[in-house]
Novice: 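Below is the structure I would like to discuss, written out as structure tokens.
The sequence lines fix the lettering, A, B, ..., with proteins before strands; numbering per chain opens at 1.
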Protein chains: 2
Amino acid sequence: MQYYIFTMGATKTEHYTDLQNKLAVLAKALGHPARIAILDYLLKVETCICGDIVNELPLAQPTISQHLKELKNANLIKGSVEGNAICYCINEDALNLLQNYFMMISEKTKNKKSNCC
Amino acid sequence: MQYYIFTMGATKTEHYTDLQNKLAVLAKALGHPARIAILDYLLKVETCICGDIVNELPLAQPTISQHLKELKNANLIKGSVEGNAICYCINEDALNLLQNYFMMISEKTKNKKSNCC
DNA sequence: ATATAATATTGCAATATTACGATATTTATT
DNA sequence: AATAAATATCGTAATATTGCAATATTATAT
């Protein structure tokens, strides 16, 4: 059994709530256009695809692999061995967490039109 | 008139769509628990507050100022001079963009329960 | 067993991020 | 004009990120 310690660099994660840290990890993982593009691609093909992403994006294979790793670490995608290849797909749970968060924000700000600035 | 050139480091932004880049910028700005906490605080107080954030979070004033700048650059918050102080508030437009994106994803994945991994 | 295909890891250079002390700027008050 | 209060900027150390070539790993097929 091995423990993975998630750090955010110099970030003082211990001062924030679990939800705040979790949302930040998810957002950080999406904070790169290549990773958004990977998500978009996974949505488009509607079924698990792996090495096609390398053909789809203008990045070298090691770079794609790295981005996939980050998405997987953040729990945004899942990967499973499929014979020779690895099959990746979207993890709805993580995306639902994000959706709920922004939905909540939308609800809260619905009736207030920039009431201060 | 001044032009601001938004870069993402070594990131090859020119290969992605405008929406992908925009979402990545927004996500990146939210990719730190302090900035999620700032957003949460702005939602809670429901009205524009500024220096209170320094008292609310366990970070030094220059650090808060830096985080606010990043949120403002990403268009997630707005700031306006209010006498002595600067009043910050949430920019619903940017958050709605995020909400719409994750809503779209939820719709697309609604009926599919991890159908591959 | 070897070769091939798919993916991951390593190593590295260039750049970005985080955090904060020191200092500057801006506005209000006296 | 001088002071105080609020915020921003500068400079800097420690660390993380991005991208890729080279290489390693893993699994299938011959």
Novice: Just compare C:dA6, D:dG19, C:dG21 and give me whichever is closest to any side-chain atom of A:Gln66.
Specialist: D:dG19

Novice: Ignoring backbone atoms, test whether B:Lys28 places a side-chain nitrogen or oxygen under 4.0 Å from the OP1 or OP2 oxygen of D:dT17.
Specialist: no

Novice: Taking only the side-chain heavy atoms of B:Arg35 (C-beta and beyond), determine which of D:dA6, C:dA8, C:dT18 contains the nearest atom.
Specialist: C:dT18

Novice: Can A:Glu92 and B:Thr109 be said to form a side chain to side chain donor-acceptor pair (under 3.5 Å), step by step?
Specialist: CA-CA 7 Å; A:Glu92 297 92 357; B:Thr109 60; 5.1 Å; no

Novice: Checking contacts here: which listed nucleotide (D:dG19, C:dC20, D:dA22) is nearest the side-chain heavy atoms of A:His67?
Specialist: D:dG19

Novice: Using atom CD1 of A:Ile64 as one end and atom C1' of D:dC20 as the other, report the distance to the nearest whole Å.
Specialist: 12 Å

Novice: Between C:dA6, D:dA8, D:dA27, which nucleotide gets closest to the side-chain atoms of B:Ile86?
Specialist: D:dA8

Novice: Using heavy atoms to find the nearest nucleotide of DNA chain C for B:Glu70 and A:Gln61 separately, return the residue whose nucleotide is more 5′.
Specialist: A:Gln61

Novice: What is the distance, rounded to the nearest whole Å, between atom CD of B:Glu82 and atom C1' of C:dA28?
Specialist: 13 Å

Novice: Write down the distance between CG (B:Leu71) and P (D:dA8), rounded to a whole number of angstrom.
Specialist: 12 Å

Novice: Which nucleotide in the set C:dT27, D:dG19, D:dA22 lies at the smallest distance from any side-chain heavy atom of B:Asn84?
Specialist: C:dT27

Novice: Mind calculating the distance between CD1 (B:Ile53) and P (C:dA19) to the nearest angstrom?
Specialist: 15 Å

Novice: Check whether any side-chain N or O of B:Tyr88 sits under 4.0 Å from OP1 or OP2 of D:dA6, and answer yes or no.
Specialist: no

Novice: Establish, with yes or no, whether the OP1 or OP2 oxygen of C:dA19 is under 4.0 angstrom from a side-chain nitrogen or oxygen of B:Thr63.
Specialist: no

